[in-house]
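Worksheet for the structure shown next.
All values derive from a computational prediction rather than experimental measurement.
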Amino acid sequence: QVQVEESGGGLVQPGGSLRLSCVSSGSARTAYTMGWYRQAPGAQREFVASATSGGVINYGDSVKDRFTISRDGTENTIYLQMNDLKAEDTAVYYCNADYAINDFWGQGTQVTVSS
C-alpha cells in the first residue's frame, strides 16, 4: 500500500518562510513525478510545483519566484521551501506521488499566512 504524508505546515507572518516535506512510502519503485498542490477555502486545487526523478522541475506562475522544490537522495521524498509568504498563499498544501500507472495523494498540511 502506497502512502503519502506531508508535514511542516503552520502559522507564519507575511514575508516569512516555511519548509514543507513529503514522503511517499510503501512502493518498491521510484515515483516518476512528485508535486505540490494547494487548495484555499472556496477554491479549486491549484498546481504549485513538481519534480521528476530525472530532475525536471516545474512551478506554478504564482510561486515561481518565491518557492523552491527539491528532492533528496531518496527520490520518493520532496521538499518545498516557501519564502516571502503572502496572505494569498494560505491554503492546505497537498503532496502527490505519480508512479506512472497510479498516483496517490496525501492528507494535506495547513499553511496559514497572517499577521
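- When all heavy atoms of L20 and G9 are compared, the pair lying nearest together is CD2-N, 3.6 Å.
- Taking every heavy atom of both residues into account, V12 and L18 meet most closely at CG1-CD1, 3.7 Å.
- Between the CH2 atom of W105 and the CG atom of N96 there is a distance of 4.5 Å, given to the nearest 0.5 Å.
- If you take CG on N76 and CZ on R29, they are separated by 12.0 Å, rounding to the nearest 0.5 Å.
- The number of heavy atoms from other shown groups lying within 6.0 Å of CD (Q44) does not exceed 12.
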Check your understanding: Given the rule in the side chain to side chain contact (heavy atoms under 4.5 Å, CB included) test, do V113 and Q13 qualify, once you have shown the distances and angles that lead to the verdict?
Key -> CA-CA 5 Å; V113 184; Q13 295 184 352; over 6 Å; no
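- Proximity of a side-chain donor or acceptor of T90 to a complementary backbone N or O of T112 within less than 3.5 Å is not detected.
- Taking 4.5 Å as the limit, every side-chain heavy atom of D89 sits out of range of all side-chain heavy atoms of M82.
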Exercise for review: Please step through side chain to side chain contact (heavy atoms under 4.5 Å, CB included) for the pair F67 and D65, ending with a clear verdict.
Suggested key: CA-CA 6 Å; F67 293 7; D65 58 338; over 6 Å; no
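- Interatomic distance, I69 CD1 to I78 CD1, rounded to the nearest 0.5 Å: 4.5 Å.
- Here the two rings, on F47 and Y37, have centers that are under 6.0 Å apart.
- Residues R19 and S70 have side chains that never bring a donor and an acceptor to within less than 3.5 angstrom of each other.
- Between Y93 and Q110 the shortest side-chain heavy-atom distance does not fall below 4.5 Å.
- In this structure, OH in Y59 is found 12.0 Å from CZ in R66, a value given to the nearest 0.5 Å.
- When all heavy atoms are compared, the tightest approach of S115 to P14 is N-CD, 3.7 Å.
- The main-chain N or O of C95 is found under 3.5 Å from a side-chain atom of E6 such that the two form a donor-acceptor pair.
- Separation of atoms CG (D103) and CE (M34) is listed at 11.5 Å; rounding is to 0.5 Å.
- You'll find the side chain of S114 reaches within 4.5 Å of the side chain of L11, heavy atoms only.
- Within a 6.0 Å sphere centred on CD of E5, heavy atoms belonging to other residues, nucleotides or ligands number 12 at most.
- The 12-atom threshold is not exceeded at OH of Y32, counting heavy atoms of other residues, nucleotides or ligands nearer than 6.0 Å.
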Check your understanding: Checking side chain to side chain contact (heavy atoms under 4.5 Å, CB included) for the pair K64/N58: CA distance, chi angles, key distance, verdict?
Key -> CA-CA 8 Å; K64 62 177 60 176; N58 287 288; over 6 Å; no
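- When hydrophobic clusters are built by joining Ile, Leu, Val, Met, Phe, Trp and Tyr residues whose side-chain heavy atoms come closer than 4.5 Å, directly or via intermediates, L80 is not grouped with V4.
- Counting only heavy atoms from C-beta outward, the side chains of S50 and W36 never approach each other to under 4.5 Å.
- Atoms CD and CD, on Q3 and Q107 in that order, are 10.0 Å from each other to the nearest 0.5 Å.
- Contact detail for A51 and I57: the closest heavy-atom pair is CB-CG1, 4.2 Å.
- Inter-residue side-chain proximity for Q1 and S27 is flagged as unmet; no heavy-atom pair is nearer than 4.5 Å.
- Here the closest non-hydrogen pair linking Y94 and G106 is CD2-O, 3.6 Å.
- The two residues S17 and Q81 come nearest to each other via the heavy atoms CB-NE2, 4.0 Å.
- Residues S24 and Y99 bring a donor and an acceptor atom of their side chains to less than 3.5 Å of each other.
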